[in-house]
Amino acid sequence: MARPYDAIVIGGGHNGLVTAAYLAQAGKRVVVLERRERVGGAAVSEQVFPGFTYSVFSYVVSLLRPEIIRDLELPRHGLHVLPLESTLTPLPNGDYLAQWGDHDQSRRELYRHSPRDAEAYDEFGRLMHHLARAVRPILGMRPPDPTSLSPRDLLGLLTLGRHFRGLDRPVFHALHKLMTMSSADYLDEWFETEALKATKGASGIIGTLLGPRSPGTAYVLLHHYMGEIDGVFRAWGFARGGTGSVSEAIASAARGFGAEIRTNASVARVLLRGGRATGVVLESGDEIAAPIVVSGADPRRTFLGLVGEAHLPGEFVEDIRRFRFRGSSGKVNLALDALPNFTCLPGVGPHLRGAVSVSPSVAYLERAYDDAKYGEFSRRPYMDIVIPSMIDPGMAPPGKHVMSIFVQYCPYHLNGGWTDAKREAFGDAVIDTLARFAPNLKSIILHRQVITPADTERIAGLAEGNIFHGELTLQQLFFLRPAPAWADYRTPIAGLYQCGAGTHPGGGIMGGSGRMAARAILGARS
Amino acid sequence: MTLDAVVIGAGADGLVAAHYLARAGKRVFVLERRDGNPPWPDAGWTPPRVVRELALARHGLRTAAPDPWLAVPLPDGGRLELWRDVRKSADAIRRLSPRDAERWPAFCERMARLARLLEALYAAPPFDPLSRAPADLWRLALTGLRARRLGRQGMLDLLRLLPMPVQDLLDDWFESDVLKGAVGAAGILHLKQGPRSGGTAFGLLHHHVGSPPGVFRPPSSNLGRVLESLPGVEVRRGDRAVVARIAVRDGRVTGVVLAHGEEIAAPCVISEADPRTTLCDLLEPGWLDPDVVGAVRHVRCRGVTARVMLTLDRAPGFEVLAVAPSLDYLERAYDHAKYGRISEQPYLEARHEAGSNAGEHRVTVHAQFAPYAPADGGWDAARREALGDRGVRTLAEHVPALSDTVVSRTVLAPPDLEAAWGWPEGQPYHAELALDQVLFMRPMPQLSAYRAPVGGLYLCGPAMHPGAGIAGAAGANAAKVVLRDG
């Protein structure tokens, strides 16, 4: 009989795989149990139609922690992130706003819309860069419990306090504003070009059911600038082979360290004995024992599903029940016979190698939100579009293309619930909206895949289809993610840990949660 | 006579500041262009320390304590009445939801505990989280200790609550739309946000400050009138008290120049006017860093409320009546404001007081949202009347006899409130109550210590910490800073 497992990781999403890789690297015998037939979770690439590869749920690699790329030698395992350099925002009047990889070119373009904004652009960038530097260390910090008096937590709080008190006064105040303001108000202080404010500000609404005028949406602006800092590590952009290739690279690294990865292995329950996790039982009835169980599933699934509330303290169950998911985004993946032709910038050009953002104004985003808050999908949604085959020709047959459309708002809680007909109606709204800017779109679609939050929940297992395992709102961040006192990757069950995006820092293909969970398990100081 | 200080503005904060200085032996002169106070009693909570130190109770300070503190119409024609007695409210809530009734006392207790913390923070100048001065470090430690004293539950409530939408907070506790609408309206009072916006739970907490547990509206008092009658400070009102300019020499204020040309010399000028008026209009230009001027212009002060003043010939049959039947109703009212329109179905809150003449009754109706500058053209007589009609009609749906008892009606739109009371853009708080404009950020970091960046110039109005409906506290805090500076 083989050596017993030291640890079981539930879920082969990118965070679970990161945890497994680190644990295996430290000499633990680890098994990853993935419900689906492939690893990756929401970071998967699939050939839904022959010859066309989709990153089904996700589309860009954002803030993948450089430490992970380095520690796990991911490039050696096939990770290749290609930069996404430009963003094109088509406008209803036939014009456009472009932000290019080249800074001066972007400024010149902005000057065309507003000389004042072009002037402010550099200063804004410098400030945001400072703020990103101030916040970046927090991403790698294990959240202390602010209510605890234990030396470790007090030390954590002290470190945190010292970090912020060490900032320059203007940086500290700007950071306070950024953390508490709405992206619309924050950007209003700097810019007047609506398309610029909407395109930049849209990052703040992704994955939440808030509008751009709601306080708490500004801080996500930082992610872009953190990405720029990490950009030297090629941590932000498009993964060759789709986002699934990130998962594959991490899985390969994990296997290289000796981790075992089982697919089609759906965990039914976490086994408990005497208040300790002792292993898991699979849907098939098989039991697997290990003294450490790490869940990469979202907090609701982990605690209310796999563990069961009967085994947890009532207050903790309340906290998890109260944790808000509210999936608000959908995805439309298209197989195209040819390239879309944008009215504002006709023909094939560098703009098709970057992102296209349908975000002409803040009011446009607000209107999209208005539909969603009363339980409808946006009739005119915000969209963030990339054409992966332009960057990585392997994604589609020669001459053909794939297009990934991230769409918001598409609420999980739709009036009357999601049906096949409503999914198609949602897909139609997306195509109709985009076709206003690229009229040839409808005639070049070969296949269309529409993913609603209900689909994301059903297929990838994310509660309410929230792409971040829970909204990234201030009241659900850092030491409150997913629940106070249990934000340090431990759980009220001894031997059970959490490593999913429902823990700090959460969200996006970042791997931060998976890495820090492994460090917590291994007892490393962080 | 040589003066020690000139105070611009004889509102609650200006007069409180003046009296504190006078008590310390300073010769103070107050200038007020307007005659009298607004015709509604909405001076908010005044910290007990100010009441005590200025002996306001002895001079007739009365805090209104309507009971029920709020009545809201029910869809079936009845009313939900919320009382100052927590248990009595719970009994009333039980008809809507037994579950909510069970939870009401605990909710009231938990919110009250957090409000007490804010009360402590509001009664002193804001702490400076970055300062290394021993006194500031001490205050910082004290604040941390106070937060710790909330206990684990209280600390978590606070951390979680501050950035939350008030809707999420109330959804966590209650199921009744009527109850959530009634309580949640306090979260968006005078704010250009809906209940789904982040930070509105803080608004609820802020407006709970100074009220007993279970009362989620700011208290009101006759503070303005009491201060007017308080002896010891010379006040000049009217046309000969209009400040045209704050004079500066060598980076220090030298006094004020009045509109009719008179110059009043003083080494210290304390302005109750909003920061934009004080620093961009009144202060001699050229003394401020352009960055500061930029930040002053970015202080958000969007007025969103109109007032409909009614005179009735009969008592209306309520003390405080709110039309805020659900959080969705409030959110939809905000949707219009978001795009610069007046709410088709506004949030209304009507307060009744006895009028000055026998048999006369006055009702002041708070009507939100009514933007300062509607996107589809400015405020004219027709638009004011339309809003007045809408308000009275909506109220009359719930108080049928009302329309027949109205003797006169005046509609004050945000521009009218700006003209009459100097509220920038019609915003009574001078700076919106938002998490980026409170405590050491109020109204902006460079001004949060009440000192303007020109020697001898101070600000003490509602834009200053704690401001926003906390009456007299900013004035008292500013005076402390002035006295400390010598």
Side-chain angles (χ1 to χ4, degrees), chain A residues 145-149 157 161 164-174 176-182 184-186 188-190 208-219 315 318-319 321-322 324 326 362-363 366-367 369-370 373-374 471 473-480 483-485, chain B residues 128-132 137 140 144 147-148 150-156 158-165 167-169 171-172 191-194 196-202 291 294-295 297-298 300 302 328 331-332 334-335 338-340 375 432 434-441 444-446 448:
Chain A
D145 176 356
T147 67
S148 151
L149 288 171
L157 285 177
F164 285 116
R165 278 172 53 86
L167 299 176
D168 286 341
R169 205 163 261 275
V171 173
F172 177 86
H173 290 136
H176 182 112
K177 288 178 77 159
L178 192 71
M179 295 304 286
T180 52
M181 285 175 79
S182 75
D185 284 340
Y186 192 83
D188 268 345
E189 291 195 1
W190 289 89
T208 74
L209 196 60
L210 290 174
R213 292 189 195 280
S214 168
T217 51
Y219 82 92
E315 190 190 328
E318 270 303 301
D319 286 339
R321 279 219 193 103
R322 206 156 42 178
R324 287 190 160 80
R326 295 193 281 215
V362 173
E366 272 294 343
R367 288 212 165 79
Y369 172 54
D370 286 348
K373 66 184 179 186
Y374 304 117
E471 285 185 285
T473 46
L474 285 182
Q475 63 272 24
Q476 300 198 153
L477 285 188
F478 203 54
F479 37 51
L480 298 172
Chain B
D128 175 359
L130 292 183
S131 167
R132 300 195 181 278
L137 285 174
L140 201 59
R148 284 236 168 239
L150 290 172
R152 199 183 121 73
Q153 182 73 70
M155 286 173 73
L156 292 178
L158 187 69
L159 283 173
R160 232 186 327 222
L161 184 146
L162 291 181
M164 249 192 182
Q167 169 151 343
D168 286 358
L169 173 73
D171 281 347
D172 282 346
L191 185 64
K192 194 173 178 181
Q193 294 290 353
R196 289 173 193 255
S197 295
T200 48
F202 167 72
D291 284 350
R297 294 194 185 282
H298 284 147
R300 293 192 312 287
R302 299 168 291 199
D328 267 357
E331 186 70 33
R332 286 184 197 275
Y334 165 57
D335 285 348
K338 217 160 59 170
Y339 307 110
E432 280 170 50
L435 288 175
D436 62 302
Q437 298 192 154
V438 293
L439 296 172
F440 54 88
M441 301 292 289
M444 51 189 251
Q446 298 95 320
S448 63

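Judged purely by atom type and a 3.5 angstrom limit, A/Gln475 has no side-chain atom pairing as donor or acceptor with the backbone of B/Leu162. Remark: side-chain polar atoms of B/Arg196 are not paired, donor with acceptor, to backbone N or O of B/Gln167 under 3.5 angstrom. In this structure, A/Asp145 contributes its side chain and A/Thr147 its backbone to a donor-acceptor pair below 3.5 Å. Listed for the B/Ser197 side chain is no donor-acceptor partner under 3.5 Å among the backbone atoms of B/Gln193. Without hydrogens or angle criteria, A/His176 side chain to B/Leu435 main chain gives a donor-acceptor distance under 3.5 Å. Judged by distance alone, the side chain of A/Thr217 and the main-chain N or O of A/Ser214 form a donor-acceptor pair under 3.5 Å.
Residue with the most contacts toward chain B among A/Phe164, A/Phe172, A/Tyr369, A/Tyr374: A/Tyr374 (heavy-atom pairs, distance under 4.5 Å). Each of B/Leu156, B/Asp335, B/Leu150 has some count of heavy-atom pairs under 4.5 Å with chain A, and the biggest count is that of B/Asp335. In terms of non-hydrogen atom pairs under 4.5 Å with chain A, the most contact-rich of B/Arg152, B/Met155, B/Arg132 is B/Arg152. With respect to chain A, the highest number of heavy-atom pairs below 4.5 Å among B/Arg148, B/Gln153, B/Gln437, B/Lys192 belongs to B/Arg148. Of the listed residues (A/Lys177, A/Glu315, A/Glu366), the one with the most heavy-atom contacts under 4.5 Å to chain B is A/Glu366. If you tally non-hydrogen atom pairs under 4.5 Å between each of B/Gly294, B/Ala201, B/Ser131 and chain A, the highest count goes to B/Ser131.
Residue contact with chain A, scored on non-hydrogen atoms closer than 4.5 Å, is absent for B/Leu169. Of the two parts of A/Leu157, only the side chain, counted from C-beta on, holds a non-hydrogen atom closer than 4.5 Å to a non-hydrogen atom of chain B. For a residue to count as touching a neighbouring chain, one of its non-hydrogen atoms must lie under 4.5 Å from one of that chain's; by this rule B/Asp172 touches chain A with backbone and side chain alike. Neither the backbone nor the side chain of B/Arg297 comes within contact range of chain A, judged by heavy atoms closer than 4.5 Å. With a threshold of 4.5 angstrom between heavy atoms, B/Glu331 approaches chain A through its backbone and through its side chain. With a 4.5 Å cut-off on non-hydrogen atoms, B/Met441 touches chain A through its side chain but not through its backbone. Residue contact with chain B, scored on non-hydrogen atoms closer than 4.5 Å, involves the backbone of A/Ser148 exclusively. Neither the backbone nor the side chain of B/Asp291 comes within contact range of chain A; no heavy atom of the residue lies under 4.5 Å from a heavy atom of that chain. Contact of A/Leu474 with chain B is made through backbone and side chain together, with heavy-atom distances under 4.5 Å. Neither the backbone nor the side chain of B/Phe202 comes within less than 4.5 Å of any heavy atom of chain A.
A tilted orientation is assigned to the rings of B/Phe440 and A/His173, their planes being inclined by 30° to 60°.
A salt bridge links B/Arg300 with B/Asp436: at least one charged nitrogen is closer than 4.0 Å to a carboxylate oxygen.
Take A/Asp370 and apply the salt bridge (Lys or Arg N to Asp or Glu O under 4.0 Å) test, not counting sequence neighbours, and it matches A/Lys373, B/Lys338.
For the pairing with A/Glu471, the side-chain hydrogen bond (donor to acceptor under 3.5 Å, both in side chains) check across A/Gln476, A/Arg326, A/Arg324 returns one residue only, A/Arg326.
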